[in-house]
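Predicted, not measured: the structure shown is a model, and the values here were computed from it. In each ligand, atom 1 is the first atom listed, and ligand 1 is the first ligand listed.
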Amino acid sequence: MKRPSVLIIGAGVIGGAIARRLGSDYDITILEAKSKPGQMTSRLNSGVIHSGMHLPPQSLKARFAREGSQMIRQYCEEKNIPHRQCGMLVVASYAELMDVMAELKGFARVYRRGKQQDIGMRFIMPWNIKKLEPNVKAIGGLFAPSVVIIDQVKYVQSLFADAQASGAKVVCDAKVTKAEAKEGHWEVESKAGTFKADIVINAAGLYAHEISTLFGAPEYPVYFYRGEYYEVMGEDAKMVSRLVYPVYRLGSKGLGIHFTPTMSGRLLIGPNATQVDGPEDYETNKTPEDAFRQSVSRFCPQLKTAKLKWAFSGIRPKLSNDGTEADFLIKIEQDEPTFVNLLGIESPGLTSSMAIANYVAELLSSTASSSTTSSIEN
Ligand SMILES: Cc1cc2nc3c(=O)[nH]c(=O)nc-3n(C[C@H](O)[C@H](O)[C@H](O)COP(=O)(O)OP(=O)(O)OC[C@H]3O[C@@H](n4cnc5c(N)ncnc54)[C@H](O)[C@@H]3O)c2cc1C
């Protein structure tokens, strides 16, 4: 039987995880605008495999974080991808009096969300925080010991190696520019030529909204939020060894500037969340390092004197801009030929990648079985 042909647009972690999951049941080609896979947001992130404790429990984001985190841990173990179970501390700091209520509200919310999802976490008293992280000063916190960090670059490379081993083709320097539905299939023009497919999957990250309109789907508004990182230099890079987050503030666009140790031994602080005009606005009007120093020194006074250096930034495509928490948008926009849209794949997209891939595979098999049923009935 002829295998359905699938074009995946975008060779980031999402495109790679989907290609790997669909495997040899489909004839898969991945079109990537850059010269190799994984050069955009899938590289420019914190590398944290989130538990879902910060997220609304019923959301796709939380569900995929719960499922995906288990899958990635197992995969990293099987494939020897560098990872470390460092655990995550969320700490309430000795804030100014005016801030205490905000601090407690945010703290209660993370606790409630974590409990509802049965995430292994516990309250931790200041003296026990000190035992784990002697340089962190807090009035209390939550500790989720199972959270891991991974080498996100190696993870993406491994997904593509698996996909290619089961027959997927990756075509780089192939920016998609045009699409047309013709006689039950898609004809897709790219910088590397024209491709035909029965199914197109939009995994174009920061440009997914543009691809969506090329394929005749509705225009979805997208707001870009840059997350910047500074790096702690010299011996001070050893001042913490775990993920240490402040309490999440209601309405905040990110999780608050925090400590992120990386698998390569760096200690990053960030990311913040600053709205920018476009998907490639990585460096204009950089946030000064003092803003980072002040945020983190609330719970780690030693940072006041540490030497910091700009590290990098990544950009989140957000689907809401009014203080509400938008979910991932993953749906079949059109059938025959099929167009699957993935939009707003911001954090925890890395964590969720394998669970998203499962979800897309289920969506495709449900349309395949419903079209079989209708042709039998006809
Ligand atoms: C600052 C920051 C920190 C984050 N931290 C975490 C974290 O710790 N944990 C976590 O789980 N998640 C985190 N995330 C989220 C995570 O990084 C993303 O959700 C994930 O990388 C999105 O992957 P993607 O494949 O959708 O996008 P991308 O990696 O951007 O891949 C999309 C690909 O599509 C290609 N493309 C675009 N347009 C076209 C076109 N027209 N034709 C062909 N190809 C095209 C691009 O070149 C790109 O390679 C973070 C994100 C940011 C910004």
In the protein, what heavy atom is nearest to [atom], and what distance, to one decimal place, separates them?
atom	value
atom 13 (C) of ligand 1	S347 OG, 3.4 Å
atom 31 (O) of ligand 1	G12 CA, 3.4 Å
atom 27 (O) of ligand 1	G205 CA, 3.6 Å
atom 18 (C) of ligand 1	I345 O, 3.6 Å
atom 50 (C) of ligand 1	N45 CB, 3.4 Å
atom 44 (N) of ligand 1	A33 N, 3.1 Å
atom 35 (C) of ligand 1	E32 OE1, 3.3 Å
atom 8 (O) of ligand 1	V48 N, 3.0 Å

Specify whether [X] and [Y] have parallel, tilted or perpendicular ring planes, treating 30° as the upper limit for parallel and 60° as the lower limit for perpendicular.
X	Y	result
F339	F215	parallel
F328	F64	parallel
H258	Y245	parallel
Y207	H209	parallel

Exercise. When you check the gap from the basic side-chain N to the acidic O, do K286 and E228 get nearer than 4.0 Å?
Worked result: no
Exercise. Can K61 and E346 be counted as an ion pair, charged N to O under 4.0 angstrom?
Worked result: yes
Is it the side chain (CB and beyond), the backbone, both or neither of [X] that lies under 4.0 Å from ligand 1, heavy atoms counted?
X	answer
A65	neither
L342	neither
P37	neither
H50	side chain
T260	neither

Which of the ligand 1 atoms, numbered from 1, are nearer than 4.0 Å to a heavy atom of [X]:
X	answer
I211	41 (N)
Y207	37 (C), 38 (N)
G47	8 (O)
I9	42 (N), 43 (C)
K175	41 (N), 42 (N), 43 (C)
S42	21 (O), 23 (O), 24 (P), 25 (O), 28 (P), 29 (O)
I315	53 (C)
V13	20 (C), 21 (O), 23 (O), 25 (O)

If I apply the N/O under 3.5 Å rule, does [X] come out as touching ligand 1?
X	result
T351	yes
Y229	no
R316	no
I14	yes
G314	no
L350	yes
S46	yes
E346	yes
L44	no

For this session: Please confirm whether Q39 comes under 4.0 Å of ligand 1, counting heavy atoms of the residue only.
Result: no
For this session: May I ask you to check whether over 12 heavy atoms, not counting those of K238, lie within 6.0 Å of atom NZ?
Result: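 No, because the 6.0 Å sphere around NZ of K238 holds 12 heavy atoms or fewer from other groups.
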For this session: Go through the side-chain N and O atoms of S5 and D198 and say whether any donor and acceptor fall under 3.5 Å apart.
Result: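 Yes, side-chain donor-acceptor contact under 3.5 Å.
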For this session: Would you please say whether a donor-acceptor pair under 3.5 Å links the side chains of S42 and Y155?
Result: no
Problem set entry | Between Y75 and H83, ring centroids under 6.0 Å |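 No: the rings miss the under 6.0 Å criterion.
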Problem set entry | CA sep, side-chain torsions, deciding dist, call: N45, Q152, side chain to side chain donor-acceptor pair (under 3.5 Å) | CA-CA 8 Å; N45 61 53; Q152 64 273 53; 2.9 Å; yes
Without swapping roles, check the side chain of [X] against the backbone of [Y] for a donor-acceptor pair under 3.5 Å.
X	Y	answer
E362	V360	no
R113	H54	yes
T213	E219	no

Exercise. Going through the distances and angles, do R122 and F143 end up as a side chain to side chain contact (heavy atoms under 4.5 Å, CB included)?
Worked result: CA-CA 5 Å; R122 58 173 194 265; F143 183 48; 3.6 Å; yes
